[in-house]
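Read the numbers this way: they start at 1 and go in the same order the structure lists the ligands and their atoms. Note that the structure is predicted; figures quoted are calculated from it, not measured. Nothing fancy with the numbering, it's 1 onward along the sequence.
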Amino acid sequence: MGMRSPHLLHLYSHPAPSPSSLLEPEGRVATRGRPVARVWGMQGWRLGWCLFLEWARREEEQAEGDGVLAGWPGRAREKTAPPVVGLGTLGPGLQPGMADSAETRKLVYLVTGGCGFLGEHVVRMLLQREPRLSELRVFDLHLGAWLEELKTGPVQVTAIQGDVTQAHEVAAAVAGAHVVIHTAGLVDVFGRASPETIYEVNVQGTKNVIEACVQTGTRFLVYTSSMEVVGPNIKRHPFYRGNEDTPYEAIHRHPYPCSKAQAERLVLEANGREVHGGLSLVTCALRPTGIYGEGHQIMRDFYHQGLRLGGRLFRAIPASVEHGRVYVGNVAWMHVLVAQELEQRAALMGGQVYYCYDESPYKSYEDFNMEFLGPCGLRLVDTRLLVPYWLLMLLATLNALLQWLLRPLLLYAPLLNPYTLAVANTTFTVSTNKAQRHFGYKPLFSWEDSRTRTIRWVKAMEGSAP
Ligand SMILES: NC(=O)C1=CN([C@@H]2O[C@H](COP(=O)(O)OP(=O)(O)OC[C@H]3O[C@@H](n4cnc5c(N)ncnc54)[C@H](O)[C@@H]3O)[C@@H](O)[C@H]2O)C=CC1
Ligand SMILES: CC(C)[C@@H](O)CC[C@@H](C)[C@H]1CC[C@H]2[C@@H]3[C@H](O)CC4=CC(=O)CC[C@]4(C)[C@H]3CC[C@]12C
């Protein structure tokens, strides 16, 4: 579902150098992605750099105190963002201001699905926000060419082309990793893949990841689950500003939510299992609501659909139906933070689920999309009077019939089908602070930032082929 955009590059690859990233192992001085100079020995050069690092750290702390933070690409952020050099950001192993050095780079991470829409953001966020990384393994069925750009930095980035349904490939990729972030999945609600394939990837693939952790001794597993594990259910019950403890009849028929629910259950049940070496496996699952941001394929589809229709999109969903959405950068940040905190807070976080949330406003799916597509020249025509719900249901059903009839010849997979219409038409929003209470999560990107970045990405698509 994800579209890897070259424009992600500027997001995470040229941050304002923060002290801990300036002095790389072996004395190399680098900002993300490229060594800019080599510092030799402890002569004046290195002493000068250490003094500079100390000055920069104090400047950064001062900036925090003023509520205006530097250090993240592009510009200082509002007060809502966490401290750039807070313990949570650097992870439990590092204290604020501790200069990066070889002995801190000791962790091996594996990100499955690391070339997907979310996965790419997780990969870049880890390189930006986990100073203890020595190796980052990116495991995916389809590797992106953009990975090459990441191989010039201080962290060893290992691209692994592999299939999570193949246990031996997963075991080989997991062996020696300290942390696995498992985002790989078949995100299909459009009938592109068979139910069997969806289960094979989402359930068996997750089983393979769990067993690989147990067999090879990897202790920390973060799973990307989904709001769909909970709802909307087949009765289309609304879930209005609910949280992880809100009672809700989570009954599904569609292969995607069923497979995600089964995989999540496997991950949570695996918490506490003994891994090779005698220690316990610590797992947790994150449940993003509808993710948006740079690289979101569905947003891209809507944009090109609007261009084809003369700059118009037609409202099919009442504005009153709220759909929770969350910016991809904040979802990636939550994955990184959970991975950093899981060891220190295993008793509290192990076996837990956390909704991914930020300050994105509650709106209908279509109105929310217009926050980005409107500034790019599209407008939403309210056709609800012209296209009543029963007619939409008929169109959706015809789409499903056409898809079935055409399957032997070609793949017909429009956005509108009975399932997507039902989901879009059912309120599902979360309101929770469990992630903040358990591991100090605060959104890294404000709503304004998330919106600006997404608009910038959509605008960069102008002229690109659909
Ligand atoms: N996009 C969204 O709105 C939401 C997504 N999620 C979850 O987030 C995760 C990532 O989703 P997206 O980035 O949106 O999807 P995506 O399709 O962009 O990324 C999934 C990645 O997994 C890889 N993959 C698929 N099958 C594989 C296999 N057999 N072996 C190895 N890699 C394989 C794909 O090549 C792709 O790079 C998924 O687990 C999804 O269920 C959860 C909530 C919302
Ligand atoms: C054609 C219109 C009815 C249009 O409004 C349909 C929109 C529809 C394609 C989306 C509405 C809700 C989306 C889903 C929701 O964000 C929850 C999801 C969670 C996931 O884990 C994967 C993606 C998705 C199922 C997401 C898919 C697209 C929608 C159904």
Side-chain angles (χ1 to χ4, degrees), residues 1-4 111-123 138-144 160-166 169-170 173 181-190 192-193 197-198 200-202 204-206 208-209 223-232 254 256-257 259-261 263-264 285-293 295-299 301-302 305 313-318 321 323-328 331-332 335 355-356 364-369 380 387 389 392-393 395-396 399 413-429:
M1 241 169 88
M3 178 71 201
R4 268 57 71 206
V111 179
T112 71
C115 292
F117 163 45
L118 172 62
E120 179 175 351
H121 284 266
V122 172
V123 164
V138 182
F139 181 97
D140 203 301
L141 203 56
H142 308 297
L143 293 179
I160 306 170
Q161 195 280 328
D163 184 342
V164 290
T165 66
Q166 301 305 306
E169 293 181 11
V170 176
I181 298 179
H182 177 36
T183 81
L186 213 40
V187 187
D188 181 24
V189 290
F190 306 106
R192 295 189 181 112
T197 305
I198 291 173
E200 188 64 15
V201 174
N202 294 352
Q204 186 56 50
T206 300
N208 291 342
V209 170
Y223 174 61
T224 310
S225 181
S226 168
M227 58 173 268
E228 289 245 313
V229 162
V230 174
H254 193 282
Y256 176 72
S259 68
K260 292 300 287 186
E264 180 189 282
L286 299 182
R287 290 176 180 167
T289 51
I291 307 175
Y292 71 93
H296 188 208
Q297 184 59 47
I298 296 178
M299 187 74 69
D301 294 344
F302 273 115
Q305 189 180 69
L313 286 170
F314 299 96
R315 178 194 296 283
I317 308 298
V321 176
H323 238 264
R325 304 292 286 276
V326 60
Y327 176 60
V328 63
V331 179
H335 279 75
Y355 279 112
C356 298
S364 77
Y365 195 85
E366 293 167 336
D367 288 300
F368 191 89
N369 289 349
L380 188 61
V387 186
Y389 188 76
L392 270 173
M393 267 309 289
L395 291 171
N399 274 342
L415 286 177
L416 176 66
N417 65 50
Y419 182 74
T420 61
L421 181 60
V423 173
N425 246 317
T426 308
T427 286
F428 194 102
T429 50

Measuring only between side-chain heavy atoms, which start at C-beta, is [X] closer than 4.5 Å to [Y]?
{"X": "Asn425", "Y": "Pro318", "result": "yes"}
{"X": "Thr420", "Y": "Leu415", "result": "no"}
{"X": "Phe428", "Y": "Val230", "result": "yes"}
{"X": "Arg325", "Y": "Asn369", "result": "yes"}

For [X], atoms of ligand 1 separated by under 4.0 Å from a heavy atom:
{"X": "Asp163", "result": "28 (C), 29 (N), 30 (N)"}
{"X": "Val201", "result": "26 (N), 29 (N)"}
{"X": "Cys115", "result": "37 (O)"}
{"X": "His142", "result": "35 (O)"}
{"X": "Thr183", "result": "9 (C), 10 (C), 38 (C), 39 (O)"}
{"X": "Tyr256", "result": "40 (C), 41 (O)"}
{"X": "Val187", "result": "11 (O), 15 (O), 38 (C), 40 (C), 41 (O)"}

Just verifying a value: how many Å separate [X] [atom1] and [Y] [atom2], rounded to the nearest 0.5 Å?
{"X": "Phe190", "Y": "Leu416", "atom1": "CZ", "atom2": "CG", "answer": "10.5 Å"}
{"X": "His296", "Y": "Leu118", "atom1": "NE2", "atom2": "CG", "answer": "11.0 Å"}
{"X": "Thr183", "Y": "Tyr223", "atom1": "OG1", "atom2": "OH", "answer": "10.0 Å"}
{"X": "Leu141", "Y": "Thr165", "atom1": "CG", "atom2": "OG1", "answer": "8.0 Å"}
{"X": "Thr426", "Y": "Leu421", "atom1": "OG1", "atom2": "CG", "answer": "8.5 Å"}
{"X": "Phe368", "Y": "Met299", "atom1": "CZ", "atom2": "CE", "answer": "7.0 Å"}

Item checked: Heavy atom of Gly162, distance to ligand 1 below 4.0 Å ->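 Contact check Gly162 vs ligand 1: positive.
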Next item on the list: Determine, using heavy atoms of Ser225 and all atoms of ligand 1, whether some pair is separated by less than 4.0 Å.
Entry: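 Right, Ser225 reaches ligand 1.
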Under 4.0 Å from ligand 1, counting heavy atoms only, is it the side chain of [X], its backbone, both or neither?
{"X": "Tyr292", "answer": "neither"}
{"X": "Thr224", "answer": "both"}
{"X": "Lys260", "answer": "side chain"}

Next item on the list: Consider ligand 2: state whether an atom of it lies below 4.0 angstrom from any non-hydrogen atom of Tyr419.
Entry: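 False for this residue.
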Considering both backbone and side-chain atoms of [X], is one of its nitrogen or oxygen atoms within less than 3.5 Å of a nitrogen or oxygen in ligand 2?
{"X": "Tyr256", "result": "yes"}
{"X": "Ser226", "result": "yes"}
{"X": "Glu366", "result": "yes"}

Note to self: Checking side chain to side chain donor-acceptor pair (under 3.5 Å) between Ser259 and each of Thr197, Asp188, Thr206, Asn202, which is the one that passes?
What the structure shows: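 With Ser259 as partner, Thr197, Asp188, Thr206, Asn202 yield a single side chain to side chain donor-acceptor pair (under 3.5 Å), made by Asn202.
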Which heavy atom of [X] sits nearest to which heavy atom of [Y], and what is that distance?
{"X": "Pro288", "Y": "Thr224", "value": "CG-CG2, 4.1 Å"}
{"X": "Val138", "Y": "Cys115", "value": "CG1-SG, 4.0 Å"}
{"X": "Val331", "Y": "Val326", "value": "CG2-CG1, 3.5 Å"}

Notebook entry, point to check: For ligand 2, which part of Arg325 has a heavy atom less than 4.0 Å away: the side chain, the backbone, both, or neither?
Noted result: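 For Arg325, there is no contact with ligand 2 at all, from either part.
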Margin query: Please work out, at 4.0 Å between heavy atoms, whether the side chain, the backbone, both, or neither of Ile298 comes within that distance of ligand 2.
Written below: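 Ile298 to ligand 2: side-chain contact only, backbone stays beyond 4.0 Å.
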Only heavy atoms count here, so choose which of [options] is nearest to [atom].
{"atom": "atom 22 (O) of ligand 1", "options": "Cys356, Gly185, Gly290", "value": "Gly185"}
{"atom": "atom 11 (C) of ligand 2", "options": "Tyr365, Phe190, Phe314", "value": "Tyr365"}
{"atom": "atom 35 (O) of ligand 1", "options": "Leu141, Asp140, Thr206", "value": "Asp140"}
{"atom": "atom 14 (O) of ligand 1", "options": "Tyr223, Phe117, Phe139", "value": "Phe117"}
{"atom": "atom 1 (C) of ligand 2", "options": "Asn369, Leu416, Asn425", "value": "Leu416"}

Check: What are the atoms of ligand 2, with element, lying closer than 4.0 Å to any heavy atom of Gly290?
Finding: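 Answer, ordered by atom number: 16 (O).
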Check: Which atoms of ligand 2 sit under 4.0 Å from any heavy atom of Val187?
Finding: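 So the answer, numbered in order with elements, is 22 (C).
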Is it the case that ligand 1 has an N or O less than 3.5 angstrom from some N or O of [X]?
{"X": "Ile291", "answer": "yes"}
{"X": "Leu186", "answer": "no"}
{"X": "His296", "answer": "no"}
{"X": "Leu118", "answer": "yes"}
{"X": "Thr289", "answer": "no"}

Next item on the list: Before giving the answer on side-chain contact (heavy atoms from CB on, under 4.5 Å), spell out for Val423 and Glu228 the whole-Å C-alpha distance, their side-chain angles and the decisive distance to 0.1 Å.
Entry: CA-CA 9 Å; Val423 173; Glu228 289 245 313; 3.8 Å; yes
Notebook entry, point to check: Is the Tyr365 ring parallel, tilted or perpendicular to the His323 ring (thresholds 30°, 60°)?
Noted result: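 Tyr365 and His323: perpendicular rings.
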Next item on the list: Evaluate side-chain contact (heavy atoms from CB on, under 4.5 Å) for Glu366 paired with Leu313, printing each intermediate quantity in order.
Entry: CA-CA 9 Å; Glu366 293 167 336; Leu313 286 170; over 6 Å; no
